[in-house]
J.: 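Take this structure, written in structure tokens, and hold onto it; I'll ask about it next.
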Amino acid sequence: MKEKELRRSMAVFPIGTVMKLTDLTARQIRYYEAQGLIQPQRNEGNRRMYSLNDIDVLLDIKDYLAEGINMAGIKHIYDMKQREKQKKQADLKRPVTDADVRRIFHDELLQQGRLQNEQHDAAPLFHKHKPL
DNA sequence: ATTCTGACA
DNA sequence: TGTCAGGA
């Protein structure tokens, strides 16, 4: 299961390919990078090279945008995601309890609701999550 | 031909 | 976010 993650992390696509795969403009892709959402490598010629993981993130960003979440909100979501990852490394020993799952889910719902009102007044998207 | 950075009538 | 410039 480590080989796969290694491949997914390999920066092998030039921005043109990523544009076709994500339907995002080069402008947007570079902007999201500037926002710290992705960290593509650079080749010998200073050209950005993206990995499958980068593309996945870009695709997720597209979804969030379509749901009406703004950049600030998306950044929060990823910051939270990374904090969760660090926490998961620390809690690798402790088994995840049902209460934990409920808490995380609840926090996400609450956070999403706040993100909507951070700058926009789009309709609530609480239907996104299936009841646990 | 493709991508990069910087800038804004 | 679009788009154009000027360079690699």
J.: Given that A:N46 and A:R27 both sit by DNA chain B, which one's nearest nucleotide is further toward the 5' end?
T.: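 Between the two, 5'-proximity favours A:N46.
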
J.: Any donor and acceptor pair, going by atom type alone, linking the side chain of A:K62 with main-chain N or O of A:L24 inside 3.5 Å?
T.: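 Pair absent, no side-chain N/O of A:K62 close to backbone of A:L24.
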
J.: Check this for me: does any side-chain nitrogen of one of A:D107 and A:R103 sit under 4.0 Å from a carboxylate oxygen of the other?
T.: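 A salt bridge links A:D107 with A:R103.
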
J.: C:dG2 P sits how many Å from A:Y31 OH, rounded?
T.: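 Whole-Å distance recorded here is 12 Å.
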
J.: Quick one: A:Y50 OH to B:dT2 C1', roughly how many Å, whole number?
T.: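 Atom-to-atom, A:Y50 to B:dT2, this comes out as 13 Å.
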
J.: Round to a whole Å and report the spacing from CD of A:E44 to C1' of C:dA8.
T.: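 So the CD-C1' distance, A:E44 to C:dA8, works out to 14 Å.
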
J.: Choosing from B:dC8, B:dC4, B:dT3, which nucleotide comes nearest the side chain of A:P14?
T.: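 Per side-chain heavy atoms of A:P14, the pick is B:dT3.
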
J.: A:D23 has an atom CG; how far is it from atom P of C:dG2, in whole Å?
T.: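 About 12 Å, once rounded to whole Å.
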
J.: Atom CE of A:M19 to atom P of B:dT2: distance rounded to whole Å?
T.: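 In whole Å, B:dT2 P and A:M19 CE are 11 Å from each other.
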
J.: Could you give the CZ-to-C1' distance, from A:R30 to C:dT1, as a whole number of Å?
T.: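 Rounding to the nearest Å, CZ of A:R30 and C1' of C:dT1 are 13 Å apart.
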
J.: Does C:dG2 have a Watson-Crick or wobble partner in any strand here, with both distances under 3.5 angstrom, and which is it?
T.: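 Across all strands, the one nucleotide that pairs with C:dG2 is B:dC8.
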
J.: If you measure from the Lys or Arg side-chain nitrogens to the Asp or Glu carboxylate oxygens, is any gap between A:E84 and A:K88 under 4.0 Å?
T.: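 No, A:E84 and A:K88 are not salt-bridged.
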
J.: Between atom CG in A:N43 and atom C1' in B:dT3, what is the gap in whole Å?
T.: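 A:N43 atom CG is separated from B:dT3 atom C1' by 9 Å.
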
J.: If I take atom CD in residue A:Q41 and atom P in nucleotide B:dT3, what distance separates them, rounded to the nearest angstrom?
T.: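 Between P of B:dT3 and CD of A:Q41: 17 Å.
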
J.: Counting only Watson-Crick pairs (N1-N3 plus N6-O4 or O6-N4) and G-U wobbles (N1-O2, O6-N3), all under 3.5 Å, who is the partner of B:dA1?
T.: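 Partner of B:dA1: none found under 3.5 Å.
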
J.: Tell me if a side-chain donor or acceptor on A:Q28 pairs with a main-chain N or O of A:T25 at a distance below 3.5 Å.
T.: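 A pair under 3.5 Å: yes.
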
J.: Starting at the 5' end of DNA chain C and moving along, which residue's nearest nucleotide shows up first, A:R47 or A:Y32?
T.: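 That would be A:Y32.
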
